[in-house]
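I have placed the structure first, in the form of structure tokens, so that the comments after it can refer back to it.
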Protein chains: 2
Amino acid sequence: MPATRKIFREFIARKGLKSTQQREIILDEFLRSGSHLSTEELYLRIRAKHPHIGYATVYRTLKLFAECGIAEPRHFGDGQTRYESTHAQEHHDHLICTGCGAILEFEDPGIEQLQEQVAAQHGFHIERHRLEIYGLCNKCLPSRTEAAQ
Amino acid sequence: MPATRKIFREFIARKGLKSTQQREIILDEFLRSGSHLSTEELYLRIRAKHPHIGYATVYRTLKLFAECGIAEPRHFGDGQTRYESTHAQEHHDHLICTGCGAILEFEDPGIEQLQEQVAAQHGFHIERHRLEIYGLCNKCLPSRTEAAQ
DNA sequence: CTTAAGATTGACAATCATTTTCAACCCAGG
DNA sequence: CCTGGGTTGAAAATGATTGTCAATCTTAAG
Ligand SMILES: [Mn+2]
Ligand SMILES: [Mn+2]
Ligand SMILES: [Zn+2]
Ligand SMILES: [Zn+2]
């Protein structure tokens, strides 16, 4: 987290941007809050303590976070962009429950490696990827099964 | 393709919907056109020959195609939904070039199997998944490399 | 063939997330 | 302090998609 702050400050400096109260407040709340929050969810949390901060500023700032690499944007099928902090989190992919919306994270070196292999076969240079598996989590599976019988 | 038509007709019948000129025309153009077309792209093609068909009807009809399984919706990061026909196409995933927008398809049984394994470890029941790999295709890689040097 | 109930359509308004505008305002360097 | 230029909040604009609704078409019955 200190590293995260440092990365953002240096990014700001390098780009000739400016360090502002709003950006600090938004970064604080972003790092404090749980992962996979939508822009709106983060905005609402911030507004509780800082009602003067505007919606557009939260949008703009989250894009800056993504640009400098301290946040990853995610798209889980509801029409909203969600962000998660990259600090102390290796790359990972997601299992998304279509029943309750739960999000499980996983990382599978085997899958990652096979992706490299596939890309190589096509002469393709990977910049990033996204693997999302949708289905029912272990809590939702039983209820769905009994509904069907 | 005949199977595709049949599937759609039966779906229409089963649901108590109706077979209309518009739906036939849209299905024709959908099957004739290339894959990964956005709704707008398909609409424009249709409009060339059938200017009376409305935008909303194309949207509605593509959703029907997806509902009965003859089309798969895709999201490649530009904000549009694209559809591809499932006829004569097994499930597959995509390599998307961030340089020229080219879309390469692939299918890797190893990756699919590892996904099953990961899901099983989490007691998760897979309904569907999406794997998208973004990067540079073999045409765009050279130009990017020389620009960087 | 005619009819009627109900599904469908096209034009257009409405949504929803996100972006842009722009005048007022704040930061950093001199 | 001062000033140039980045930043902000409010509101308007955007772009994809969906909802509305009166007119129209389908289909199965009569
Ligand atoms: Mn995550
Ligand atoms: Mn494809
Ligand atoms: Zn669940
Ligand atoms: Zn390319």
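Proteins come first, then strands; the chains are lettered A, B, ... in the order of their sequence lines, and each starts at number 1.
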Atom pairs, N/O to N/O, protein against nucleotides 12-19 of chain D, distance under 3.5 Å?
| residue | atom | partner | partner atom | Å |
| --- | --- | --- | --- | --- |
| dA16(D) | O3' | Gly79(B) | O | 3.4 |
| dT17(D) | OP1 | Thr81(B) | N | 2.8 |
| dT17(D) | OP1 | Thr81(B) | OG1 | 2.6 |
| dT17(D) | OP2 | Tyr59(B) | OH | 2.5 |
| dT17(D) | O5' | Tyr59(B) | OH | 3.4 |
| dT18(D) | OP1 | Lys63(B) | NZ | 2.9 |

Please give, in whole Å, the distance from dT18(C) P to Tyr43(A) OH? 14 Å
I want to check something: taking the side chain as every heavy atom from C-beta on, are Phe8(A) and Arg23(A) in contact at a cut-off of under 4.5 Å? yes
Would you please classify the geometry between the Phe76(B) ring and the His36(B) ring as parallel, tilted or perpendicular, with 30° and 60° separating the classes? perpendicular
Using modelled atom types only, decide if a donor and an acceptor are shared between the side chain of Ser33(A) and the backbone of Glu29(A) within a distance under 3.5 Å. yes
Here the pair of heavy atoms bringing Asn138(B) nearest to His122(A) is ND2-O, 3.6 Å
Please report the shortest heavy-atom distance between Thr81(B) and Pro73(B), naming the atom on each side. CG2-CB, 4.0 Å
Check: Gly135(A) main-chain N/O paired with Thr98(A) side-chain donor or acceptor under 3.5 Å: yes
With the criterion being N/O to N/O and under 3.5 Å, what pairs connect the protein with nucleotides 25-30 of chain C, and how long is each?
| residue | atom | partner | partner atom | Å |
| --- | --- | --- | --- | --- |
| dC27(C) | O2 | Lys18(A) | NZ | 2.9 |

Parallel, tilted or perpendicular, as decided by the 30° and 60° cut-offs, for the rings of His129(A) and His91(A): perpendicular
Can you check the Ile46(B) CD1 to dT9(C) P distance for me, whole Å? 12 Å
Can you tell me the distance, in whole Å, between the CG atom of Asp78(A) and the P atom of dA17(C)? 9 Å
Which atom of Gln115(A) lies closest to which atom of Ile126(A), heavy atoms considered: O-CD1, 3.8 Å
How many Å lie between CD1 on Ile12(A) and C1' on dG6(D), as a whole number? 10 Å
Arg47(A) CZ to dA10(D) C1', straight-line distance once rounded to whole Å: 14 Å
So, does His92(A) use its side chain to make a donor-acceptor pair with the main chain of Glu90(A) at under 3.5 Å? yes
Distance check needed: dT18(C) P versus Leu42(A) CG, whole Å only. 12 Å
Ile25(B) atom CD1 is separated from dG10(C) atom C1', nearest whole Å, by 14 Å
Rounded to whole angstroms, how far apart are CZ on Arg23(B) and P on dT26(D)? 11 Å
